[in-house]
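Working notes, beginning with the structure itself.
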Amino acid sequence: MSSVLSAALRPHLSRPSWLSPKVFRTEVLAGLVVALALIPEAISFSILAGVDPRVGLFASFTMAVVIAFCGGRPAMISAATGAVALVVAPLVKAHGLDYLVAAVILGGAIQVLLAVLGVAKLMRFIPRSVMVGFVNALAILIFAAQIPHLIGVPWLVYPLVAAALAIMVGMPRLTRAIPAPLVAIVVLTVVTVVASVAVPTVGDEGALPDSLPTLGLPQIPWTLDTLAVLAPYALGVALVGLMESLMTAKLVDDITDTHSNKTRESWGQGVANIVTGFFGGMGGCAMIGQTMINVKASGARTRLSTFLSGVFLLILVVALGDVVAVIPMAALVAVMIIVAVSTFDWHSVAPKTLKRMPYGETIVMVATVATTLATRNLAIGVVVGVLTAMVIFARRVARLVEVTSVLDPDGTTRIYSVHGELFFASSNDLVGQFDYANDPENVVIDMTHAHVWDASSVAALDAITTKYATRGKHVEIIELNKPSARIHDTLAGQLGVGH
């Protein structure tokens with residue numbers, strides 16, 4: 001009996017996968033690599049937002065730690081991001097840091113509200129071509145962000161970058177026990193320090209904090225006027241953050257062949273931003289570059305790597321700031337170049353793929369990439385891509401509507417058969433496919449193979465009926481399916497057609 005009970009309880013008492021020595025080592029090393037990669041990014045985004053580097057670094061710490069517990073996508077990295085920095089920069093310039101903190105807290109609350117309202121379900125409306133465009137644009141932006149670190153620098157930077165790239169390309173062929181990016185960072189740091197090579201370092205990017213973040217409230221007037229100032233920026237933080245996070249989560253789902261809880265990820269991002277705001281951070285969202293380092297380059301798969309990336313980040317910048325400061329930027333630039341190259345979907349631009357791909361799919365991908373690069377905002381690129389896909393889809397479906405007709409044997413009734421989906425784009429052409437002048441007195445419109453979706457379609461059917469009625473002819477619409485009949489019965493004759 002005891003053995004049976006033990007077997008029944010064993011699945012519930014099984015330890016988490018990250019407690020396995022092999023998995024634990026992978027997660028710890030991945031968290032360390034991500035933490036190292038986060039430091040220059042957080043400092044750069046702080047400068048972009050117009051705040052002290054400490055604000056971005058503390059935000060990256062709190063975002064990573066909180067999302068490790070609250071997020072819906074294991075192994076995904078959230079921290080201070082460039083997209084959020086672009087949104088809040090005008091607010092910081094006009095009103096200062098306290099308004100930024102308040103906007104982040106309000107933005108987090110909006111994200112929680114949107115999660116409750118089911119915003120994650122909207123992900124199903126993002127087509128694959130937009131996703132491919134998102135990934136490709138992101139890879140290009142990651143690569144482009146490294147170019148300033150390669151211009152106007154000592155010539156020794158270039159062989160260092162090349163050496164780091166060689167390590168990251170060649171080492172996985174020998175062993176994957178230790179993440180290649182970590183080896184590249186350590187080797188280049190040792191070489192530059194021992195040889196006293198004068199090249200740009202992490203310390204050159206900005207001052208590192210020497211104390212822990214503190215909890216507090218933003219010092220702002222709590223009035224409706226203040227809310228009016230904060231609301232547009234808070235909404236921008238919420239929408240941009242959610243869009244990038246959910247898109248990144250979907251990408252990681254595809255890479256790891258696992259499913260994530262998008263609703264939990266949505267409110268998890270909100271909670272993380274609220275906590276970050278109370279600790280004086282600049283807010284953020286999922287970071288695809290660091291996530292790719294964690295998932296693809298380092299092989300992490302659990303929440304432990306996300307949690308440790310935040311913990312290691314705080315330890316590195318506060319306790320080991322002097323050590324971190326001497327890491328050459330060449331090493332981190334090489335890591336991000338590898339991330340960019342591995343992130344880009346090269347298959348999507350192969351000549352064979354482009355030749356086989358439908359014309360509209362390619363247009364959507366290009367629109368997404370072009371808009372993202374022009375605005376340097378992934379959220380705007382995704383919105384434009386989705387809208388482009390909607391227009392192309394509507395045009396494609398509209399062309400699939402066909403109308404055929406037959407005359408009954410006695411010549412007194414013309415029967416029209418409508419095939420396809422009737423909505424605003426397709427129904428406009430429906431009216432012109434009937435012979436009002438020459439048809440007999442009785443006309444039957446058979447809707448067996450059609451579906452009515454909106455008021456525009458009902459208005460088109462009303463217009464057809466009215467045109468026949470002015471000629472003294474009778475029209476009967478038959479075989480509407482239940483949803484079509486419901487909308488037709490509700491709106492027919494109520495849309496002002498013919499008046």
Side-chain angles (χ1 to χ4, degrees), residues 29-30 32-48 53 56-57 60 77 79-82 85 138-174 178-208 287-294 296-298 309 312-313 316-317 320-344 373 376:
L29 294 176
L32 179 58
V33 173
V34 171
L36 291 169
L38 277 173
I39 294 172
E41 294 280 305
I43 294 173
S44 299
F45 297 148
S46 298
I47 296 171
L48 180 61
L57 289 166
S60 295
I77 305 298
T81 58
L138 193 54
I140 295 171
L141 288 178
I142 291 173
F143 182 82
Q146 311 315 310
I147 294 178
H149 298 294
L150 299 173
I151 297 177
V153 294
W155 69 269
L156 284 172
V157 169
Y158 304 112
L160 288 173
V161 171
L165 291 174
I167 291 173
M168 286 184 284
V169 171
M171 186 175 170
R173 300 177 182 179
L174 301 176
I178 302 176
L182 179 59
V183 174
I185 292 171
V186 172
V187 169
L188 263 67
T189 302
V190 171
V191 168
T192 54
V193 171
V194 172
S196 299
V197 177
V199 292
T201 63
V202 171
D204 298 330
E205 294 295 302
L208 299 176
M287 297 188 74
I288 187 139
Q290 276 64 26
T291 298
M292 290 300 100
I293 292 176
N294 197 44
K296 292 192 75 172
S298 302
S309 68
F312 284 145
L313 172 65
L316 287 170
V317 299
L320 301 174
D322 293 339
V323 176
V324 172
V326 300
I327 295 175
M329 283 301 299
L332 298 177
V333 167
V335 171
M336 298 310 293
I337 289 175
I338 290 293
V339 169
V341 172
S342 61
T343 299
F344 195 90
L373 296 181
R376 302 189 71 82

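Start at 1 with the first residue, then count along the sequence.
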Practice item. Give the minimum heavy-atom separation between Met336 and Gly289, together with the two atoms involved. Key: CE-CA, 4.3 Å
Review point. How many angstroms lie between atom CD1 of Ile327 and atom CG of Leu316, to the nearest 0.5 angstrom?
Key: 7.0 Å
**Study point:** Met168/Val335 under side-chain contact (heavy atoms from CB on, under 4.5 Å): CA gap, chis, key distance, verdict
**Key:** CA-CA 8 Å; Met168 286 184 284; Val335 171; 3.8 Å; yes
Check your understanding: Checking Ser46 side chain against Gly56 main chain: does a donor-acceptor pair fall under 3.5 Å?
Key -> yes
**Study point:** Results of ring pair (Phe, Tyr, Trp, His ring centres under 6.0 Å) for Phe344 - residues two or more places apart only
**Key:** Trp346
Review point. Checking side-chain contact (heavy atoms from CB on, under 4.5 Å) for the pair Thr192/Val326: CA distance, chi angles, key distance, verdict?
Key: CA-CA 8 Å; Thr192 54; Val326 300; over 6 Å; no
Practice item. Before giving the answer on side-chain contact (heavy atoms from CB on, under 4.5 Å), spell out for Leu36 and Phe312 the whole-Å C-alpha distance, their side-chain angles and the decisive distance to 0.1 Å. Key: CA-CA 8 Å; Leu36 291 169; Phe312 284 145; over 6 Å; no
Check your understanding: Do Gln146 and Val161 have side-chain heavy atoms sitting under 4.5 Å apart?
Key -> no
Exercise for review: Would you give the length of the straight line joining atom CG of Leu313 to atom CG of Leu32, rounded to the nearest 0.5 angstrom?
Suggested key: 11.0 Å
Check your understanding: If you measure from CG on Leu182 to CE on Met171, what distance do you get to the nearest 0.5 Å?
Key -> 8.5 Å
Check your understanding: What's the spacing between Met292 CE and Ser342 OG if we round to 0.5 Å?
Key -> 8.0 Å
Review point. Can you tell me how far CG of Leu160 sits from CE of Met329, rounded to the nearest 0.5 angstrom?
Key: 12.5 Å
Point to revise | Counterpart residues, side-chain contact (heavy atoms from CB on, under 4.5 Å), relative to Ile147 (two or more places apart) | key: Phe143, Ile151
